2 protein chains.
Amino acid sequence: MKRTKPTSTIDPTRAEHCRVLGAVLDRIGDKWTIMVVAVLTNGPARFTTIMREIGGITHRMLTLTLRGLERDGLVKRTAYATVPPRVDYELTEMGRTLITTLVPLAQWGEANWQAIRRAQERHDAQFA
Amino acid sequence: MKRTKPTSTIDPTRAEHCRVLGAVLDRIGDKWTIMVVAVLTNGPARFTTIMREIGGITHRMLTLTLRGLERDGLVKRTAYATVPPRVDYELTEMGRTLITTLVPLAQWGEANWQAIRRAQERHDAQFA
DNA sequence: CGGCATCCGTCGCGATACTG
DNA sequence: CAGTATCGCGACGGATGCCG
């Protein structure tokens, strides 16, 4: 077997997976998106309700986050022409499937965050 | 049943899940971490090798990313006192378990990115 | 080869104020 | 109640250079 260039050992399939995964994380890895999705998991909710439930998010960021989710087809926005205005947000089918894929990651977090904590302390202790 | 404050309908368990998930995403949601982990999935690798395989990452960012992963106990660093220096990086057991939890998310991405694309175009078209 | 320090541009996000 | 506009800061990350 001839091996002229043994530099790259990543198989293309894995590389492709990785690129898509990176794109997804880029999209949902921001500060608020998953919080909003989490709240909407409980069912449709109004703007102010979401804001209260999350706690700490600003008016502006909730607007932007919801716009992004709506644009990607993960959230459906329904505005009622009443006074005062009323707008409902709810997850689309695609939005709901997204959360299920995050469950393993959340479980991993719960299972490992203490170990990570300890690893950090051990590491930091070396350069005290 | 008395409901004095019907504001929050999130059950605490889910809220807890969400907080941890947010922390995890905060940690691995940066620009390079998962790329590095992906490369190391193929086995131990040297600094320069990782850099070549990822492509586009700067010297500095690879250093910082590896430091972070090492600190969290996700990557093990092994330095050999040779000239020139040689340093091997490899995933720890915890690091390997992490990737498996990301598989569903990657699959979701591959299954849905076209739908997301279309949703975006539809959305953008409304405000042409 | 691998690591660290410095400089600097970009941009995410918060604060605030105004509209329908 | 919901959305938009403007300003400003701070963190992130790229470029570069020096060191063991």
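In what follows, chains are A, B, ... by sequence order, proteins preceding strands, each numbered from 1. Note that this is a predicted model, so its numbers are computed, not measured.
Taking for each of R67(A) and P85(B) the nucleotide of DNA chain D with the nearest heavy atom, the 5'-most of the two is the partner of R67(A). In this structure, D88(B) and G56(A) both approach DNA chain C, and ranking their closest nucleotides by distance from the 5' end singles out D88(B).
Using a 4.0 Å cut-off between charged nitrogen and carboxylate oxygen, D124(A) and R122(A) do not count as a salt-bridge pair. Ion pairing between a basic and an acidic side chain is recognised when a charged N comes within 4.0 Å of a carboxylate O; E121(B) and R118(B) show no such pairing.
Per the geometry, CD1 belonging to I57(A) stands 15 Å off P belonging to dG12(C), to the nearest Å. Look at CG on L64(A): it is 14 Å from C1' on dA15(C), rounded to the nearest Å. In this structure, CG of D30(A) is placed 10 Å from P of dG14(C), rounded to the nearest angstrom. As rounded to whole Å, 13 Å separates atom P of dC13(C) from atom CG of L62(A). For the pair H59(A) NE2 and dA15(C) P, the computed distance is 14 Å after rounding to whole Å. The nearest whole Å value for the distance from the CD1 atom in I54(B) to the P atom in dG13(D) is 13 Å. Straight-line distance from the CH2 atom of W32(B) to the P atom of dA11(D): 22 Å, rounded to whole Å. M61(B) places its CE atom 15 Å from the P atom of dA5(C), with the value rounded to the nearest Å.
T58(B) comes within 4.0 angstrom of sugar-phosphate atoms only, judged by non-hydrogen atoms across all strands, and of no base. As judged by a 4.0 angstrom heavy-atom cut-off over every strand, Y89(B) is placed among residues touching the sugar-phosphate backbone only.
A donor N or O paired with an acceptor N or O is found under 3.5 Å between the base of dT6(C) and the side-chain atoms of R60(B).
Dashed line: the shortest gap from a side-chain N or O of R46(A) to OP1 or OP2 of dC1(D) is not under 4.0 Å.
Without hydrogens or angle criteria, T65(B) side chain to W32(B) main chain gives no donor-acceptor distance under 3.5 Å. Put simply, the side chain of R86(A) never gets that close to the backbone of A81(A): no donor and acceptor are under 3.5 Å apart. A donor-acceptor distance shorter than 3.5 angstrom exists from the side chain of T63(B) to the backbone of H59(B), with no hydrogens or angles considered.
Closest contact between the side chain of F47(A) and the listed nucleotides dA2(D), dG14(D), dC1(D) involves dA2(D).
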